[in-house]
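Remarks on the structure that follows.
Both backbone and side-chain heavy atoms feed into the values below; hydrogens, waters and symmetry mates do not.
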Amino acid sequence: MKILLTGASGLIGSRLTPHLQSLGHEVVRLVRRAPRGPDEHNWAPAAHMLDAALLGDVDAVVNLSGASLARLPWTRAYREKLRQSRLAATRTVTDAMALAGNAPRILVNASAVGYYGDRPGLRLTEQAGRGSGFLADLAADWEEAARLAPAGTRVVLLRTGLVVAAGGAVKPLAFLARAGLGGPIGTGGQHWPWIGLEDEVRAIAHLVEGDLEGPVNLAGPTPATADEMLRALAARLGRPYRLRLGTGLIGGLLGDAGRELLLASQKVVPARLLADGFSFAAPTVAEALAAAFEADGPARDA
């Protein structure tokens with residue numbers, strides 16, 4: 001297939017491009033800078049600018065564009081950037097698809113497990129309803145924008161958890177661990193949905209090539225608590241695990257970002273992926289961390 005990719009320079013997109021190519025697909029990347037080759041084209045999602053002619057011979061669009069949730073704190077201005085970077089990009093893509101002479105038949109669009117909100121004690125499959133909070137509202141609006149794709153387009157919504165990699169959201173956690181500041185966050189008993197970077201990339205390719213549509217949870221098959229993940233990270237890096245960051249401190253320092261990213265409990269299960277025959281390369285968070293830091297070793301920075 002010919003696949004148009006946004007967010008190609010990000011943590012996931014930079015790994016997804018060569019993986020799709022290894023499967024025999026042609027990947028065309030949308031970039032905000034000047035193109036550097038025939039496989040790159042410029043777009044300006046904030047200005048709603050994308051040449052619809054680029055999509056005329058494209059089979060699938062994978063839209064991963066969006067500002068990082070891990071950048072803290074969430075000021076009022078940054079909250080708006082989080083929203084607009086997602087909604088403007090998605091609406092720019094779906095509008096261009098509608099104007100294309102032959103609309104792409106597949107749209108695989110990023111979303112997030114934040115859709116479910118804080119749901120302690122519940123097993124969250126794709127059938128679970130929407131939660132409450134900033135992230136739940138953001139994810140719901142993001143998914144609604146993706147559903148504006150032309151009729152007949154198969155739309156897949158990637159409800160992704162914390163991607164376990166040496167960079168990304170794990171990087172500040174690894175920094176604390178290496179500094180000897182690792183330990184439970186809040187109670188430590190809250191479930192953190194996670195997925196290894198390799199499995200994130202493989203799952204996206206699986207969904208591009210398959211026939212599932214609608215929301216799909218991209219989370220590891222073995223749920224882990226924050227304590228289990230952080231303890232495994234400290235062990236992997238050969239550092240102590242003893243300093244607790246209390247609930248009050250997290251909320252006081254980081255506000256809603258701390259409460260929704262670090263203290264919320266979401267026992268997310270990849271029910272649809274598993275039912276569709278997807279096999280995880282890293283079925284536990286310890287295995288995902290081992291894969292993420294294998295090249296670095298305990299003494300090197302992420």
Quick check against the 3.5 Å criterion: does [X] have a side-chain atom that pairs as donor or acceptor with the backbone of [Y]?
X    : Y    : value
N217 : L124 : yes
T222 : P283 : yes
H25  : L20  : no
R154 : E213 : no
T153 : A149 : no
E260 : F134 : yes
E287 : T284 : yes
N109 : A146 : no
S85  : L82  : yes

Notebook entry, point to check: If we ignore angles and hydrogens, is there a donor and acceptor under 3.5 Å between the side chains of H41 and D51?
Noted result: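 Result is no, nothing qualifies.
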Notebook entry, point to check: Can a donor-acceptor pair be found between the side chains of R244 and T187 at a distance below 3.5 Å?
Noted result: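 Checked: R244/T187 side chains show no N/O donor-acceptor pair below 3.5 Å.
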Note to self: With side chain to side chain contact (heavy atoms under 4.5 Å, CB included) as the criterion, how do L107 and T94 come out once you've worked through the C-alpha distance, each side chain's angles and the decisive distance to 0.1 Å?
What the structure shows: CA-CA 9 Å; L107 171 61; T94 56; 4.0 Å; yes
Should [X] and [Y] count as side-chain neighbours, where that means a heavy-atom distance under 4.5 Å?
X    : Y    : answer
V31  : W43  : no
F280 : I195 : yes
F278 : R202 : yes
V58  : V28  : no

Next item on the list: Nearest 0.5 Å please: distance from the CG atom of L64 over to the CG atom of L16.
Entry: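 It is 6.5 Å, given to the nearest 0.5 Å.
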same_hphob_cluster([X], [Y]) at 4.5 Å side-chain heavy-atom cutoff:
X    : Y    : answer
V163 : V170 : no
V27  : I12  : yes
V216 : I106 : yes
I185 : L69  : yes
L245 : L262 : yes

Between [Y] and [X], is the closest basic N to carboxylate O distance under 4.0 Å?
X    : Y    : result
E143 : R159 : yes
R29  : D39  : yes
R86  : D141 : no

Notebook entry, point to check: Does R236 make a cation-pi contact with F293, if we ask for NZ or CZ under 6.0 Å from the ring centre and within 45° of the axis?
Noted result: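 Pair R236/F293 does not count as cation-pi.
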Next item on the list: Flag this pair as yes if the NZ/CZ of R130 is under 6.0 angstrom from the six-membered ring centre of Y116 and inside a 45 degree cone about the axis; otherwise no.
Entry: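 The answer is no, since R130 fails at least one limit relative to Y116.
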Margin query: Given T6, which partner from the list L30, T92, V62 fulfils the side chain to side chain contact (heavy atoms under 4.5 Å, CB included) test?
Written below: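 With T6 as partner, L30, T92, V62 yield a single side chain to side chain contact (heavy atoms under 4.5 Å, CB included), made by L30.
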Check: Can you name the one residue among V61, D57, V93 that meets side chain to side chain contact (heavy atoms under 4.5 Å, CB included) with P104?
Finding: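 The option that passes is V61.
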Checklist line | salt bridge (charged side-chain N to carboxylate O under 4.0 Å, His left out) between R15 and E200, intermediate numbers included | finding: CA-CA 10 Å; R15 291 285 292 271; E200 173 80 7; over 6 Å; no
Next item on the list: Please test R91 against D95 for salt bridge (charged side-chain N to carboxylate O under 4.0 Å, His left out), starting from the C-alpha separation and ending with a verdict.
Entry: CA-CA 6 Å; R91 288 169 180 163; D95 285 352; over 6 Å; no
Next item on the list: Could you tell me whether Y115 and W142 have their ring centroids closer than 6.0 angstrom?
Entry: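 No, too far apart.
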Note to self: Before you tell me yes or no, could you show the steps for H191 and Q266 under side chain to side chain contact (heavy atoms under 4.5 Å, CB included), namely the whole-Å CA-CA distance, both residues' side-chain angles and the distance that decides it to 0.1 Å?
What the structure shows: CA-CA 5 Å; H191 279 92; Q266 300 169 319; 5.6 Å; no
Notebook entry, point to check: Are more than 12 heavy atoms from other residues, nucleotides or ligands located less than 6.0 Å from atom CZ of R76?
Noted result: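 Open: at most 12 neighbouring heavy atoms sit under 6.0 Å from CZ of R76.
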Next item on the list: Might you work through the salt bridge (charged side-chain N to carboxylate O under 4.0 Å, His left out) test for D137 and R83, ending with a clear yes or no?
Entry: CA-CA 10 Å; D137 293 343; R83 282 186 57 81; over 6 Å; no
